[in-house]
**Student:** 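Sharing a structure, written as structure tokens. Questions coming.
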Amino acid sequence: MVAFISFAIIVLLFVVLVLIARANELTIELKEGKRDYINQSRINGYLMLGFLILMLAGSAYAFKEFMPLMLPKAASIHGVKTDYLFNVTMLIILVVFVLTHIALFYFAYRYNESFGHEAYYYPHNNTLEVIWTMVPVVVLTGLIAMGMYEWFAIFNTEARDKNMMVIEVTGKQFNWMIRYSGKDGKFGERIIDTEHVSPTNELGINWKDPKSHDDFMADKLYLVKNKPVLMKLGAQDVIHSFFLPHFRVKMDCVPGIPTEFYFVPTMTTEEMREYLSHEPWWQTINPETGQPRWQTFKYELACAELCGKSHFGMQRDVEVVSQADYDIWFNKQTSIYDATVKTAMIKEEENPTQLSATEENEGKKPQAMLAK
């Protein structure tokens, strides 16, 4: 009710101001006649011209100052194509925006009302109608065709490399769970039911499946330069959005509906830092770290869906490395099975009475981790 009354008051004030302005115009017209209209039209023309100059100067300044704050160049193959489509679209929009606004404000200045001149009445022209209808149609059709071509190329499953990496990422409030298959290259089965999903097995991994015994979880996303990767995506609770901005990768993670995205990273993290070290803005000092911005650059995994009050916390680092560095990292990982199930079973065998009591109090007996 308060909001409605406030809105009504604002509307009434606006109406009163419009009426006062109109009454003032009528008063001036009665006192000074046509001449005042001519003067006002001339002043408005100069104001239009001034606004045009300020708008163009402000736009040029904004481009110069803020363009360096946009994402650096794409670090994936299809990201380069995505950037090309974006740049072509923005260039066309920019040219049309500048030309139409120059014409709009210049005509308002050039053809302001004056004595002895009457506006030329030009009601209709079929040729012009066809031209300014067909030109946008052709341009927009071309942009859509280019976009669809790239879209189908990105999602063409026939063109995928058979030796690609496969990584499973599951979003939940508020975390990303990243699972890699072990040396067998195969993921263990997941069963999403109350028997398998528990605080110690959030993904519902079926430990009776031998393929699951070498799967491991990672605290960051490790990728290999020039090695294709298929991200298999899912969500536990609400809709999340898997977003790798530096690779131009974005795909929704929907509970109950598996999605996936295929791409090829082309620059290691160190190579991107080297590239950014030559970019002027990235050489400025970050006040939070006291270091040049390029030195602390990291690829990022973020959630692009507003998924709850701690949505901002859904961030993980992404590391792109060489195959040799990836192999070193891979061989250091401990499987989930060894870290949880096997460890718990060993403890139970060593001290069954104490451990059983403890685990029972916590509601998670080790044997319960195994599917019955």
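Both backbone and side-chain heavy atoms feed into the values below; hydrogens, waters and symmetry mates do not. Position 1 is the first residue of the sequence, and the numbers go up from there.
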**Student:** Can you tell me if Ser76 uses its side chain to pair, donor with acceptor, with the backbone of Phe247 under 3.5 Å?
**Tutor:** yes
**Student:** Please test Asp83 against Arg248 for salt bridge (Lys or Arg N to Asp or Glu O under 4.0 Å), starting from the C-alpha separation and ending with a verdict.
**Tutor:** CA-CA 8 Å; Asp83 281 1; Arg248 314 301 190 255; 2.8 Å; yes
**Student:** With distance as the sole criterion, is a donor-acceptor pair present between the side chains of Ser198 and Asn201 under 3.5 Å?
**Tutor:** no
**Student:** Ignoring hydrogens, what is the shortest heavy-atom contact between Gln173 and Cys307? Give both atom names and the distance.
**Tutor:** NE2-O, 2.6 Å
**Student:** For the pair Glu288 and Arg293, evaluate side chain to side chain contact (heavy atoms under 4.5 Å, CB included) and give the outcome as yes or no after the intermediate values.
**Tutor:** CA-CA 10 Å; Glu288 296 180 357; Arg293 296 180 190 276; over 6 Å; no
**Student:** Count I, L, V, M, F, W, Y as connected when their side-chain heavy atoms are under 4.5 Å apart, and connections chain through other members. Are Ile178 and Phe174 then in the same cluster?
**Tutor:** yes
**Student:** Sub-3.5 Å donor-acceptor pair from the side chain of Arg316 to the main-chain atoms of Leu301, do we have one?
**Tutor:**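 Here the side-chain-to-backbone pair does not exist.
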**Student:** Between Asp327 and Gln323, does the side-chain hydrogen bond (donor to acceptor under 3.5 Å, both in side chains) criterion hold? Intermediate values first, please.
**Tutor:** CA-CA 6 Å; Asp327 292 340; Gln323 183 66 56; 2.9 Å; yes
**Student:** For Pro68 versus Trp281, what's the shortest heavy-atom pair and its separation?
**Tutor:**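 Taking every non-hydrogen atom into account, CB-CB, 3.8 Å.
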**Student:** For Cys303 versus His311, what's the shortest heavy-atom pair and its separation?
**Tutor:** O-CE1, 2.9 Å
**Student:** Would you say that more than 12 heavy atoms from the other residues, nucleotides or ligands in this model lie under 6.0 Å from the CD of Glu129, or not?
**Tutor:**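 More than 12 heavy atoms, drawn from other residues, nucleotides or ligands, come within 6.0 Å of this atom.
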**Student:** Verify, without hydrogens or angle tests, whether Asp193 (side chain) and His196 (backbone) share a donor-acceptor contact under 3.5 angstrom.
**Tutor:**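 Side chain of Asp193 to backbone of His196, a donor-acceptor pair under 3.5 Å: yes, one is there.
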**Student:** Any side-chain to backbone donor/acceptor pair from Glu319 onto Thr269? Under 3.5 Å, distance only.
**Tutor:**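 Not confirmed, Glu319 side chain does not pair with Thr269 backbone.
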**Student:** Can you tell me which residue among Lys186, Arg179, Lys232 is in a salt bridge (charged side-chain N to carboxylate O under 4.0 Å, His left out) with Glu168?
**Tutor:** Arg179
**Student:** Would you check if there is a donor-acceptor pair between the side chains of Asp215 and Ser181 at a distance under 3.5 Å?
**Tutor:**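 Result is no, nothing qualifies.
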**Student:** Do the rings of Tyr111 and Phe107 sit parallel, tilted or perpendicular, given the 30° and 60° boundaries?
**Tutor:** perpendicular
**Student:** Check whether more than 12 heavy atoms from other residues, nucleotides or ligands sit under 6.0 Å from atom CD of Glu118, and answer yes or no.
**Tutor:** no
**Student:** Mind running side chain to side chain contact (heavy atoms under 4.5 Å, CB included) on Tyr299 and Met267 for me, showing each step along the way?
**Tutor:** CA-CA 11 Å; Tyr299 291 127; Met267 295 180 71; 3.7 Å; yes
**Student:** If you count the non-hydrogen atoms of other residues, nucleotides and ligands that lie under 6.0 Å from CE in Met48, is the total more than 12?
**Tutor:** no
**Student:** Would you check, one step at a time, whether the test side chain to side chain contact (heavy atoms under 4.5 Å, CB included) holds for Val229 with Phe263?
**Tutor:** CA-CA 6 Å; Val229 55; Phe263 69 103; 3.5 Å; yes
**Student:** The test is side chain to side chain contact (heavy atoms under 4.5 Å, CB included); show your working for Tyr262 and Ile154 and say whether it passes.
**Tutor:** CA-CA 7 Å; Tyr262 174 89; Ile154 290 171; over 6 Å; no
**Student:** Any chain of hydrophobic side-chain contacts (each under 4.5 Å) joining Leu230 to Tyr180?
**Tutor:** no
**Student:** Say whether, by atom type as modelled, one donor and one acceptor occur between the side chain of Thr133 and the main chain of Val130 under 3.5 angstrom.
**Tutor:** no
**Student:** Ring pair (Phe, Tyr, Trp, His ring centres under 6.0 Å) with Phe216: which of Tyr337, Tyr222, Trp329?
**Tutor:** Trp329
**Student:** In terms of the angle between their ring planes, are Phe261 and His78 parallel, tilted or perpendicular, with boundaries placed at 30° and 60°?
**Tutor:** tilted
